[in-house]
Amino acid sequence: MYDKLYHKLAIYGQEHLLRFWNELTVDEQNVLAKQINDINWDELNKLIKEYVLSKPKVNIPENLEPAPHYPLNPETTQLMDLYKKALVEGKKLVSSGKVAAFTVAGGQGTRLGYEGPKGTYQITPIKRKSLFQYFSEKISRASEKYSAIIPWYIMTSEMNYHETVIFFEKNKYFGLDKENVKFFNQGTMPAIGKDGKVLLETKNSLALSPNGHGGSLLALRMSGALSDMKKRGIDCISYFQVDNPLVPIIDLLFIGLHHLCKSEMSSIMLSKTGPYEKLGNFCVSDGKTMILEYSDLPATLAEKRNSDDSLAFIAGSPAIHIISRNFVQRLTRDDSISLPWHRADKKVPYINGKGVKIVPEKENAVKLESFIFDALPIAEKTVILEAERGKQFAPTKNKTGVDSVESCKSMLIARDAEWLECYGGLRIPKKIDGAPDCVVELSPKSFLDGEDVKVSKDRLKNKDIKSGDVKYYE
Ligand code: UTP
């Protein structure tokens, strides 16, 4: 086995990976051999030349325009009619079991610095429900409300699959039917040193990491999830990230619009708060919709203004999509997918030539990831729909500061307080800055949306809230 592996690796100058072979047990040798054999070395070698040994230039098309979108508030009667029809269509699709939920939860959540899969992080302000529990309850209520099964596909990575499944098992799937919750792994990519050499994490393992959320499209097919969806008659996949508890998951208008417009991949957009807000930018070039990372949008475009002084490139992406099952089927037809890679320079612990573990203090390696939004230009038709920031997007990336646990909790409280005020008729005490001067939490098991709060108005009345109150509503 050694000779065969050595020969394979030597062609690409990666034979150092076998440096500790003779120190390994047979089982350990098998693990390493499998990792090496699972890699397409021809392909990896090309990527190393293109993305590691030289810094790839991002190709910014010259004729970039802002991508058109459907506005939050329809202003013409034509649009109002379309939105009305879309709501009806969305409800029809969900009720007839044609919509699945899909969470990408394979990331490593390094910024959050939390041991364990991010979905197990306790995010709600009072009951400390985990992200997974919060989503489970939303799906459960949506199933009840629309009398339909909404299967939930959760993509993990090799690094967090077991912990994720055990978490669900231990919590009895939070009341969901186990048959309708499917886990599967995404692919991995090895981390590569700046010198082009693949890094070893231990003597018998490469330094592997998940291959980006773009890996979800191929993983859907290779895991059998796509076939399962076909069997169940799923047409639309509601894609969301594990760190955004505000995502509606089942958004009837969005689903309906996607379907009525015959879109293959649709996206929610938020109006950016400034030219350099750290959100991907929706653009269009030669009729193709695309998202350009905030760091790639040229300053002249980022700062470009319309005649009313609004930003020309106003549309930012919160990474919420509806993807047609047929589109994923088409993209992955040959059991492969062609999406560009993105280079990220990272600190990756590794063992050196002497077998000593090194924890680097500065970026020493390159990780390659593909991104889901790079599928947008391949779609025949796309739809972009504006949403209200405080209603759909509260990312939990960091412990404190921007996009943090703190900001996420505040947004959950603010959204629930607003529902209680607008739909429940309760008076909410406010601080000087307008934020609620109380802590409230609505259980998604009963309150999926404003309408659910409205129908419970009688139950909620006489439950006025005073400054400093902490109240949970079940
Ligand atoms: P992020 O880009 O925020 O990455 O992922 P992350 O790994 O969670 O966090 P950091 O950057 O290490 O702090 C956005 C979403 O995409 C998923 C994540 O789980 C999250 O839901 N993701 C990311 C994957 O599923 N796989 C990946 O390879 C990368």
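Note: hydrogens, waters and symmetry copies are ignored here, and every other heavy atom, side chains too, is used. When a ligand or atom number is given, it counts from 1 through the structure's own listing order.
Both the sub-6.0 Å distance and the 45° axial angle are not jointly satisfied by Arg343 relative to the ring of Trp341. The side-chain tip of Lys91 does not point at the ring of Tyr146 from less than 6.0 angstrom away and within 45° of straight on.
Closest protein heavy atom to atom 25 (O) of ligand 1: Gly106 N, 2.8 Å. Scanning all protein heavy atoms for the shortest distance to atom 3 (O) of ligand 1 gives Lys397 NZ, 2.7 Å. Nearest protein neighbour of atom 16 (O) of ligand 1, counting heavy atoms only, is His213 CD2, 3.4 Å. Of the protein's heavy atoms, Gly109 N, 3.5 Å lies nearest to atom 6 (P) of ligand 1. Protein heavy atom in closest approach to atom 26 (N) of ligand 1: Gln186 OE1, 2.7 Å. The nearest protein atom to atom 7 (O) of ligand 1, hydrogens excluded, is given as Gln108 N, 2.8 Å; this is a heavy-atom distance.
Salt bridge annotation for Lys46-Asp42: absent, with no cationic side-chain nitrogen under 4.0 angstrom from a carboxylate oxygen.
The Met155 neighbourhood of ligand 1 comprises atoms 25 (O), with distances under 4.0 Å to a heavy atom of that residue.
Closest heavy-atom approach to atom 2 (O) of ligand 1 within the set Arg111, Gln241, Glu369: this belongs to Arg111. For atom 17 (C) of ligand 1, the nearest non-hydrogen atom from the set Val104, Thr103, Thr396 comes from Val104. Nearest to atom 24 (C) of ligand 1 by heavy-atom distance, out of Gly119, Ala105, Gly107, is Gly107. The closest heavy-atom contact to atom 10 (P) of ligand 1, among the options Thr110, Leu131, Asp243, comes from Thr110.
A donor and an acceptor atom, one from each side chain of Glu137 and Gln133, are located under 3.5 Å apart.
For Phe167 and Phe174, the gap between ring centers is short of 6.0 Å. With ring centers used as reference points, Phe132 lies under 6.0 Å from Phe168.
Between Gly212 and ligand 1, at least one N/O pair is under 3.5 Å apart.
In this pair, His213 and Phe373 present their aromatic rings tilted. The plane angle is within the 30 to 60° band.
The parts of Pro210 lying near ligand 1 are both backbone and side chain, judged by heavy-atom distances below 4.0 Å.
Looking at Gln186, its side chain does come within 3.5 Å of a backbone N or O of Gly212 through a donor-acceptor pair.
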